[in-house]
Amino acid sequence: MARKPWTAIVAGVAGLLVLTACGGGGGTGEGGGAITLGFAQVGAESGWRTANTKSIQESAKAAGIELKFSDAQQKQENQITAIRSYIQQKVKVIAFSPVVESGWDTVLKEAKTANIPVILTDRAVDSPDKTLYKTFLGSDFVAEGKKAGQWLTKEFGSAPGDVNIVELQGTTGSAPANDRKKGFADVISAEPKFKVVASQTGEFTRAKGKEVMEAFLKSQPKIDVLYAHNDDMALGAIEAIEAAGKVPGKDIKIVSVDGVRDALQALADGKINHVVECNPLLGPQLMDLVKKVAAGEQVPPRIETAETEFDQAAAKAALPQRQY
Ligand code: GYE
């Protein structure tokens with residue numbers, strides 16, 4: 001039976017609507033609308049974090065996922081409030097980068113009861129109940145700490161006498177601070193000449209890294225090495241070292257973690273001696289996972305990002321294309 005022209009048009013438009021709803025990069029929920037993702041970010045404490053936020057926002061847009069984004073200003077209570085509001089808004093998926101490792105069970109149970117899947121990105125939680133989240137996407141921070149320790153062992157392997165190390169820790173209680181400290185300690189403890197003479201949090205920021213390094217320089221008569229859990233604290237510490245009339249990279253050797261542009265530049269300039277990479281560009285992989293868990297698909301329980309290390313030559317080679 002031949003259709004009347006207007007029915008053909010309606011059918012055509014309806015078909016187009018269905019196509020659009022299913023297309024656009026596949027960022028659609030079961031009901032045909034865009035998937036809503038509630039993302040509770042740590043804050044804006046470092047260059048790494050800025051790059052991470054940009055990656056998440058850009059890739060959500062590219063994937064057609066509707067992103068609700070909040071910044072917790074490095075406070076766990078703010079993150080919990082944000083997660084609760086995402087539950088109330090009935091988002092399809094929640095993802096977050098936990099400020100600290102402990103104290104998440106209650107809010108994660110609330111999400112589970114509401115049937116909203118949770119993805120951990122970048123930082124882990126220490127909850128023994130692995131059913132409270134679908135997967136973890138991020139780095140092996142213990143391995144990063146080990147790499148820093150291995151660099152130190154090579155650099156000072158044949159040096160006679162004690163090697164005095166000061167350590168700038170990340171945010172107290174956070175997975176990267178705990179794990180980077182542990183990985184480093186595991187490696188250097190094999191050699192009694194390596195002495196961590198001072199270790200304190202610099203909260204992953206430049207300002208605090210500078211302030212704590214100033215205190216270290218006053219209280220410690222001999223500092224050979226600075227191990228900073230991230231680049232921003234190392235960059236702040238460089239200012240303190242220079243202000244104290246010492247030469248960063250020479251009088252005090254520096255190893256840090258992340259690999260942001262400013263740190264690679266300082267490495268190229270000889271002010272930092274080694275950088276262990278931690279990759280912040282998690283957005284595209286996260287959006288793939290969001291689509292999968294929204295569709296009820298199984299995902300691997302842990303997905304780790306590939307990372308490298310930089311010496312001076314590698315930093316010089318990487319700088320022209322470094323995005324962040
Ligand atoms: O190394 C640091 C940031 O959790 C891996 O957080 C991240 C860390 C990163 O503030 O710069």
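Values below: all heavy atoms of this structure, side chains included; hydrogens, waters and symmetry mates excluded. Both ligands and their constituent atoms are indexed starting at 1 by order of listing. The model shown is predicted, which means the values in this text are computed figures rather than measured ones.
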If we number the atoms of ligand 1 from 1 as shown, the ones under 4.0 Å from a heavy atom of F141 are 5 (C)
D122 heavy atoms within 4.0 Å reach ligand 1 at atoms 4 (O), 5 (C), 7 (C)
**Message:** Tell me whether H229 has any N or O atom under 3.5 angstrom from an N or O of ligand 1.
**Reply:** no
| task | Indicate yes or no: does an N/O atom of N230 lie under 3.5 Å from an N/O atom of ligand 1? | result | yes
query = Mind checking whether V275 and L281 sit in one hydrophobic cluster, side chains of I, L, V, M, F, W, Y counted as touching below 4.5 Å?
reply = no
* Honestly curious: do L267 and V276 fall in one hydrophobic cluster under the side-chain, below-4.5 Å linking rule? -> no
* Ignoring hydrogens and geometry, is there a side-chain-to-backbone donor-acceptor pair from S46 to T205 under 3.5 Å? -> no
ILVMFWY network linking L264 to I272, side-chain heavy atoms under 4.5 angstrom: yes
Requested in this report: Might you work through the side-chain contact (heavy atoms from CB on, under 4.5 Å) test for V125 and L132, ending with a clear yes or no?
Outcome: CA-CA 10 Å; V125 299; L132 293 178; over 6 Å; no
* **Sub-4.0 Å heavy-atom approach of D258 to ligand 1** => yes
**OP:** Could you tell me whether the side chain of T135 and the main chain of P300 form a donor-acceptor pair under 3.5 Å?
**Re:** yes
Report task. For the pair F156 and F194, name the ring-plane relationship: parallel under 30°, tilted 30 to 60°, perpendicular over 60°. Result -> perpendicular
Quick note on ligand 1: atoms under 4.0 Å from a heavy atom of R49 include exactly 3 (C), 4 (O), 6 (O), 7 (C), 8 (C)
(request) Check the surroundings of atom CD in E297: do more than 12 heavy atoms from other residues, nucleotides or ligands lie under 6.0 Å from it? (result) yes
Counting from 1 in the order shown, the ligand 1 atoms closer than 4.0 Å to a non-hydrogen atom of E45 are 3 (C), 6 (O), 10 (O)
**Prompt:** At the 4.0 Å heavy-atom cut-off, does V257 count as touching ligand 1?
**Reply:** no
Within the 4.0 Å heavy-atom cut-off, what E203 brings close to ligand 1 is neither
Would a distance-only check, ignoring hydrogens and angles, find a side-chain to backbone donor-acceptor pair under 3.5 Å from R123 to S174? no
Ligand 1 to P176, heavy atom cutoff 4.0 Å, flagged ligand atoms 4 (O)
Note: ligand 1 atoms sitting under 4.0 Å from heavy atoms of R123 are 3 (C), 4 (O), 6 (O), 8 (C), 10 (O)
Numbered in order shown, the ligand 1 atoms found under 4.0 Å of a heavy atom of C278 are 5 (C)
For S46, the ligand 1 atoms with a heavy-atom partner under 4.0 Å come out as 2 (C), 3 (C), 10 (O), 11 (O)
